[in-house]
Participant: 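Handing you this structure, nothing more for now.
Side chains included, hydrogens not; waters and symmetry mates left out as well; all remaining heavy atoms used.
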Amino acid sequence: MFYSHDTYGLGHIRRTLTLARHLRKRCLDARILVATGSPVVHRLVVPDGVEILSLKPVVKCGAEQYRALDGSLDEAQVVAHRSRQLVAAAAAFRPDVLVVDHAPIGMKGELLQTLEHVRRARPKARILLGLRDILDEPEVVRALWQRQAIYAALEQYYDSILVYGNREHFALDEAYALPPPVVAKLSYSGYLAKHEPLLPAAAIRAQYGLAQPLLLATAGGGADGGPILRCTLEAIPLMRRDFPGLQALVVTGPLLDAAEREELARAATRMERVHLTDFAPHMLSCLVAADVVVSMGGYNTVSELLALRRQSVIVPRTTPRKEQLMRARILEERRLVRMLDPAEATPTTLAARLTECLLEGNPVPGSDTGSLAGTEHATAEILRLLPRRRKATLQQWVLGHVGAHPR
């Protein structure tokens with residue numbers, strides 16, 4: 001059973017589905033339930049054999065404040081509702097391993113009752129926490145974890161903790177002052193990169209009616225991607241002074257505000273050889289087809305850029321967390337990406353950085369392939385926690401009782 005809180009963006013559910021997909025490849029008879037709050041999980045490819053439990057989607061309405069996306073429930077009500085969904089699912093599904101993404105006690109503590117249930121009802125079950133490489137500035141995380149009793153939860157509930165990153169890049173255990181009993185459970189897997197069959201670059205370009213040189217602009221889920229995408233569109237005419245044939249694929253993300261998307265679409269329509277879409281189902285192939293990529297600094301996109309060794313300019317988000325900014329700075333120091341501080345991002349400065357990338361060309365030299373095998377290492381760790389033999393076949397459970405639907 002996987003838990004992915006998904007209060008913002010696509011990163012958490014994409015990471016979870018990547019692990020579920022690899023787990024199914026390694027263990028064909030594994031039954032997998034993914035509990036997710038993503039409102040757009042139906043737009044993603046769900047692996048065969050994976051069931052989806054749709055938690056009530058939420059929207060962030062302040063610092064650590066949430067409400068139901070449809071406005072039907074306030075924060076206390078939606079947390080209670082999702083908590084009941086999770087406990088019911090765990091009781092019916094009876095997982096051998098529970099894999100928690102990013103949020104040790106869930107959104108606003110919604111996972112605590114489920115953790116307690118699994119510990120009590122399934123004493124032989126194992127619980128694993130997966131953390132992305134960087135969460136936020138150390139002092140911010142330390143204060144939050146003290147306030148929310150996260151350190152105690154890490155000791156009490158978790159058998160294993162995986163950091164999806166490279167300790168040489170960022171020592172999470174030191175930065176966030178993990179106590180020795182927690183450090184003893186912790187290991188670094190390397191970056192999780194999505195692996196899927198790649199379409200030929202020529203096929204991707206033909207699909208969107210584009211040729212080379214090709215610029216790809218992506219803002220992940222897109223909820224706060226409007227400014228960088230607007231800046232990219234304004235930078236394209238400047239880049240065409242050096243690359244007259246430059247073409248562009250702009251992927252806004254499905255969570256971009258409709259009014260902003262319409263504004264960007266009008267701007268793209270006025271430009272030649274620019275294709276704008278809200279979603280690209282073969283994003284990995286799009287990254288390979290592109291000669292240069294401009295994106296925000298989300299974990300998944302950056303991991304895939306590193307794995308594919310593509311020229312890129314990262315314009316990171318700086319609020320409400322500094323996570324993307326920190327990651328981009330670390331990787332720029334190692335000459336793996338170029339970074340542009342959003343405070344300095346103008347069409348002129350962005351065009352200059354992107355032009356540098358085009359002149360240098362692909363692949364980016366110096367990528368550490370050893371730190372890019374995180375998907376394989378994480379899958380192996382989950383398999384290690386599974387029981388070698390099952391004493392009985394898992395009881396078939398009625399999906400409708402917990403609001404799940406098969407995919």
Participant: Run the side-chain contact (heavy atoms from CB on, under 4.5 Å) test on L305 and L287 for me, step by step, so that the C-alpha distance in whole Å, both residues' side-chain angles and the decisive distance to 0.1 Å come before the verdict.
Facilitator: CA-CA 7 Å; L305 288 169; L287 292 173; 4.0 Å; yes

Participant: Can you tell whether the side chains of E381 and R384 come within less than 4.0 Å, N to carboxylate O?
Facilitator: yes

Participant: Quick one: does K185's side chain have a donor or acceptor within less than 3.5 Å of a partner on E155's backbone?
Facilitator: yes

Participant: Hey, can you tell me if Y191 and H169 have their rings parallel, tilted or perpendicular (30° and 60° cut-offs)?
Facilitator: tilted

Participant: Please confirm whether the backbone N or O of V293 pairs with a side-chain atom of R310, one donor and one acceptor, at under 3.5 Å?
Facilitator: no

Participant: Walk me through whether V183 and I161 qualify under side-chain contact (heavy atoms from CB on, under 4.5 Å).
Facilitator: CA-CA 9 Å; V183 174; I161 301 171; over 6 Å; no

Participant: If the threshold is 4.0 Å, N to carboxylate O, is there a salt bridge linking E263 and R230?
Facilitator: yes

Participant: Taking the basic N atoms (NZ, or NE/NH1/NH2) and the acidic carboxylate oxygens, is any pair closer than 4.0 Å for D224 and R317?
Facilitator: yes

Participant: Just to verify, what does H282 make a ring pair (Phe, Tyr, Trp, His ring centres under 6.0 Å) with, not counting sequence neighbours?
Facilitator: none

Participant: Are D96 and R122 within salt-bridge range, i.e. N to O under 4.0 Å?
Facilitator: yes

Participant: Which value, rounded to the nearest 0.5 Å, describes the distance between L246 atom CG and D291 atom CG?
Facilitator: 8.5 Å

Participant: When you measure from the side chain of Q311 to the backbone N and O of G361, does any donor-acceptor pair fall under 3.5 Å?
Facilitator: yes

Participant: Spell out, as yes or no, whether a donor-acceptor pair under 3.5 Å connects the side chain of R261 to the backbone of G226.
Facilitator: no

Participant: How many angstroms lie between atom CG of L210 and atom CZ of R273, to the nearest 0.5 angstrom?
Facilitator: 10.0 Å

Participant: Tell me, do E332 and R329 make a side-chain contact under 4.5 Å, heavy atoms counted?
Facilitator: no

Participant: Are the side chains of L216 and V292 in touch, meaning some heavy atoms are under 4.5 Å apart?
Facilitator: no

Participant: Just by modelled atom types, is the P316 backbone N or O under 3.5 Å from a matching donor or acceptor in the Q324 side chain?
Facilitator: no

Participant: May I have the step-by-step check of side-chain hydrogen bond (donor to acceptor under 3.5 Å, both in side chains) for E139 and Y176, ending in yes or no?
Facilitator: CA-CA 8 Å; E139 60 273 16; Y176 303 142; over 6 Å; no

Participant: Going by side chain to side chain contact (heavy atoms under 4.5 Å, CB included), R21 matches just one of V45, T16, I32, V46. Which one?
Facilitator: V45

Participant: To the nearest 0.5 Å, what is the distance between CZ (R82) and NE2 (H5)?
Facilitator: 8.0 Å

Participant: Closest approach of S312 and C357, non-hydrogen atoms and distance?
Facilitator: O-SG, 3.8 Å

Participant: So Y188 and L172, side-chain contact (heavy atoms from CB on, under 4.5 Å) or not? Walk me through it.
Facilitator: CA-CA 9 Å; Y188 290 77; L172 181 147; 3.8 Å; yes

Participant: Can you measure from CG (L23) to CG (L17) and round to the nearest 0.5 angstrom?
Facilitator: 12.5 Å

Participant: Can a donor-acceptor pair be found, under 3.5 Å and without considering hydrogens, that links the side chain of T319 to the backbone of R321?
Facilitator: no

Participant: Going by atom types only, do S4 and D101 share a side-chain donor-acceptor pair under 3.5 Å?
Facilitator: no

Participant: Report the residues that fulfil ring pair (Phe, Tyr, Trp, His ring centres under 6.0 Å) with Y157, sequence neighbours left out, ordered by chain and then residue number.
Facilitator: none

Participant: Take E137 and R142 through the salt bridge (Lys or Arg N to Asp or Glu O under 4.0 Å) test and state the conclusion after the steps.
Facilitator: CA-CA 9 Å; E137 294 176 299; R142 292 183 189 189; over 6 Å; no

Participant: Hey, does the side chain of T349 reach the backbone of T346 with a donor-acceptor pair shorter than 3.5 angstrom?
Facilitator: yes

Participant: Considering residues, nucleotides and ligands other than R119, do more than 12 of their heavy atoms fall under 6.0 Å from its CZ?
Facilitator: yes

Participant: Quick one: CZ on R24 to CG on L19, what's the gap to the nearest 0.5 Å?
Facilitator: 15.0 Å

Participant: Would you call L86 and L111 a side-chain contact if the rule is heavy atoms closer than 4.5 Å?
Facilitator: yes

Participant: Between the side chain of Y158 and the main-chain N/O of R126, is any donor-acceptor distance below 3.5 Å?
Facilitator: no

Participant: Does the pair K56/D70 count as a salt bridge with the N-to-O cut at 4.0 Å?
Facilitator: yes

Participant: Working to the nearest 0.5 Å, report the span between CZ of R132 and CG of L192.
Facilitator: 12.5 Å

Participant: For G245, does its backbone N or O pair with a side-chain atom of R240 as donor and acceptor, under 3.5 Å?
Facilitator: no

Participant: Restricting to non-hydrogen atoms, name the atom on P104 and the atom on L129 that form the minimum distance, rounded to 0.1 Å.
Facilitator: CG-CD2, 3.9 Å

Participant: Taking all atoms of both residues into account, what is the closest heavy-atom pair of S54 and Q85, and its distance?
Facilitator: O-NE2, 3.1 Å

Participant: Please report the shortest heavy-atom distance between V274 and A268, naming the atom on each side.
Facilitator: CG1-CB, 4.0 Å

Participant: Taking the side chain as C-beta and beyond, is there a heavy-atom pair between L128 and D159 under 4.5 Å?
Facilitator: no

Participant: Any carboxylate oxygen within less than 4.0 angstrom of a Lys/Arg side-chain nitrogen, looking at E168 and R334?
Facilitator: no

Participant: If you draw the axis of the six-membered ring of F279, does the NZ or CZ of R43 fall within 45° of it and under 6.0 Å from the ring centre?
Facilitator: yes

Participant: Verify whether one side chain among E110 and Y66 offers a donor that lies under 3.5 Å from an acceptor in the other.
Facilitator: no

Participant: Check R309, R15, R14 against E304 for a salt bridge (Lys or Arg N to Asp or Glu O under 4.0 Å) and give me the one that passes.
Facilitator: R14

Participant: Any side-chain heavy-atom pair from T232 and L350 closer than 4.5 angstrom?
Facilitator: yes

Participant: Could you check whether any side-chain heavy atom of V251 comes within less than 4.5 Å of a side-chain heavy atom of C286, counting everything from C-beta outward?
Facilitator: no

Participant: Thinking salt bridges, do R327 and E323 make one under a 4.0 Å N-O criterion?
Facilitator: yes

Participant: Can you find a pair of side-chain heavy atoms, one from V337 and one from V313, that are under 4.5 Å apart?
Facilitator: no

Participant: Using only atom types and a distance under 3.5 Å, with no angle test, would you say the side chain of T375 pairs donor to acceptor with the backbone of A193?
Facilitator: yes

Participant: Please tell me if the side chains of L178 and L154 come closer than 4.5 Å, counting only heavy atoms from C-beta onward.
Facilitator: yes

Participant: Provide the closest heavy-atom pair for A90 versus M1 in the form atom of the first, atom of the second, distance.
Facilitator: CA-SD, 4.1 Å

Participant: Working note: T114 + E116, criterion side-chain contact (heavy atoms from CB on, under 4.5 Å); need CA distance, chi angles, decisive distance, verdict.
Facilitator: CA-CA 5 Å; T114 300; E116 291 279 2; over 6 Å; no

